[in-house]
Amino acid sequence: MAAKLRAGDRLVVASHNQGKVREIGDLLSPFGIETLSAASLDLPEPEETGADFAANAELKALAAAQASGLPALSDDSGLEVEALDGAPGIYSARWAGPDKDFSIAMEKVERALAEKGATGAAQRRANFTCALTLAWPDGRCDTFEGKVYGTLVWPPRGSKGFGYDPIFVAEGLDVTFGEMEPDEKHAISHRARAFELFAAVCLDPE
Ligand code: IMP
């Protein structure tokens, strides 16, 4: 059975991405768990050598749990574009280059779609995937995955989110994730879906 976190426990959010740390902190806040970021503890950022989102989430969470002596929750996520055979996928952060400039990453996606002649919505289908791993200092870990499907628009719109949010419109909506309030995004996002699975198994409802 998976080990559970309880109100008052301290948890490391094993990410150096401020957007993710903020969203995970928002999702955890109703459960009374104290969160610490990997950056505030000066934890190193392990190299993401896994072959998929789950493998990368596991290696990040285990590294943070072992280095801090506390349970750690990691997030490995990214954008998968159907017409690009799932790219950028696990390389989503790397497409933004060393300066983590997502306007460059979004332009790269748009250029790749233009090269394929992908102009109609049906050719611009994409999804975000998020794998969340809760790891313990003794090496136990559990991983949960969530997805949200939609289409990509150009030019980018909105500045409320992070990463590829300004070009992603979820199915059934006409605003981008970048134009949505955090609570609206949390209601449907890949991260929120993975979080729901994680919460059901690893968080104490008390
Ligand atoms: P990694 O999980 O650290 O490898 O980084 C994944 C990258 O995917 C992030 O840097 C973002 O650019 C992108 N990404 C993941 N989740 C989201 C999201 O909710 N919105 C926009 N971009 C995201």
Side-chain angles (χ1 to χ4, degrees), residues 12-27 37-39 43-64 72-81 84 86-110 112 126-135 143-154 156-171 173 175-196 198:
V12 178
V13 180
S15 173
H16 287 259
N17 176 324
Q18 285 318 306
K20 287 186 191 174
V21 172
R22 189 182 58 240
E23 289 195 0
I24 293 171
D26 286 351
L27 290 164
S37 73
L43 300 181
E45 239 180 311
E47 214 189 317
E48 296 185 13
T49 51
D52 54 28
F53 293 112
N56 281 334
E58 277 171 28
L59 70 85
K60 287 190 279 191
L62 282 169
L73 182 65
S74 72
D75 166 313
D76 200 69
S77 47
L79 178 72
E80 299 177 295
V81 184
L84 306 181
I90 58 170
Y91 304 107
S92 293
R94 275 167 258 185
W95 277 36
D99 295 332
K100 302 190 177 173
D101 181 343
F102 281 93
S103 57
I104 292 175
M106 290 187 284
E107 266 165 31
K108 239 165 135 173
V109 169
E110 184 55 26
N127 67 272
F128 279 119
T129 296
C130 172
L132 287 179
T133 297
L134 176 67
T143 299
F144 306 90
E145 205 164 271
K147 290 180 188 283
V148 58
Y149 291 87
T151 52
L152 299 179
V153 295
W154 196 259
R157 303 193 319 247
S159 56
K160 291 186 178 140
F162 67 96
Y164 297 89
D165 279 343
I167 56 170
F168 183 82
V169 175
E171 257 168 22
L173 299 181
V175 289
T176 68
F177 267 6
E179 294 172 305
M180 291 168 76
E181 295 302 332
D183 284 354
E184 295 169 335
K185 179 178 170 188
H186 294 339
I188 59 167
S189 80
H190 50 312
R191 189 161 295 101
R193 287 183 176 155
F195 189 86
E196 259 173 47
F198 153 76

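Whatever order the structure lists ligands and atoms in, that order sets their numbers, starting from 1. Computed over heavy atoms, backbone and side chain alike; hydrogens, waters and symmetry mates excluded.
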Side-chain donor-acceptor pair present, [X], [Y], cut-off under 3.5 Å:
X      : Y      : result
Asp76  : Ser74  : no
Ser103 : Asp101 : yes
Asp26  : His186 : yes

Answer whether the closest heavy-atom distance between the side chains of Tyr164 and Phe128 falls below 4.5 Å. yes
Any atoms of ligand 1 less than 4.0 Å from a non-hydrogen atom of [X]? List them with their elements.
X      : result
Asp165 : 18 (C), 19 (O), 20 (N), 21 (C)
Lys185 : 18 (C), 19 (O), 20 (N)
Ser92  : 7 (C), 8 (O)
Glu48  : 3 (O), 4 (O)
Asp76  : 1 (P), 2 (O), 4 (O)
Gly163 : 12 (O), 21 (C), 22 (N)
Lys20  : 1 (P), 2 (O), 3 (O), 5 (O)

Heavy-atom proximity to atom 6 (C) of ligand 1 ranks first, among Pro166, Gly178, Ser15, Ser77, for Ser77
A student comparing Phe177, Phe128, Tyr91 should find that the heavy atom closest to atom 23 (C) of ligand 1 comes from Phe128
Among all protein heavy atoms, pick the one closest to [atom] and tell me residue, atom and distance.
atom                    : answer
atom 12 (O) of ligand 1 : Phe102 CE2, 2.7 Å
atom 16 (N) of ligand 1 : Arg191 NH2, 2.8 Å
atom 13 (C) of ligand 1 : Tyr164 CD1, 3.8 Å

As a test of understanding, state which of Lys60, Arg191, Arg22 forms a salt bridge (charged side-chain N to carboxylate O under 4.0 Å, His left out) with Asp75. Arg191
Glu145/Arg193 salt bridge by N-O under 4.0 Å criterion: no
Got a salt bridge between Glu181 and Lys160, using NZ or NE/NH1/NH2 to carboxylate O under 4.0 Å? yes
Could you give the distance from CD (Gln18) to CZ (Phe162), rounded to the nearest 0.5 Å? 11.0 Å
Going through the distances and angles, do Glu80 and Lys147 end up as a salt bridge (charged side-chain N to carboxylate O under 4.0 Å, His left out)? CA-CA 10 Å; Glu80 299 177 295; Lys147 290 180 188 283; 3.7 Å; yes
Where on Lys60 is there a heavy atom closer than 4.0 Å to ligand 1, on the side chain, on the backbone, on both, or on neither? side chain
If we set the cut-off at 4.0 Å for heavy atoms, which region of Asn17 has an atom near ligand 1: side chain, backbone, both, or neither? side chain
Assess Arg94 for proximity to ligand 1: is some non-hydrogen atom of it under 4.0 Å away? no
Residue pair Phe144, Phe195: steps toward the side chain to side chain contact (heavy atoms under 4.5 Å, CB included) verdict: CA-CA 8 Å; Phe144 306 90; Phe195 189 86; over 6 Å; no
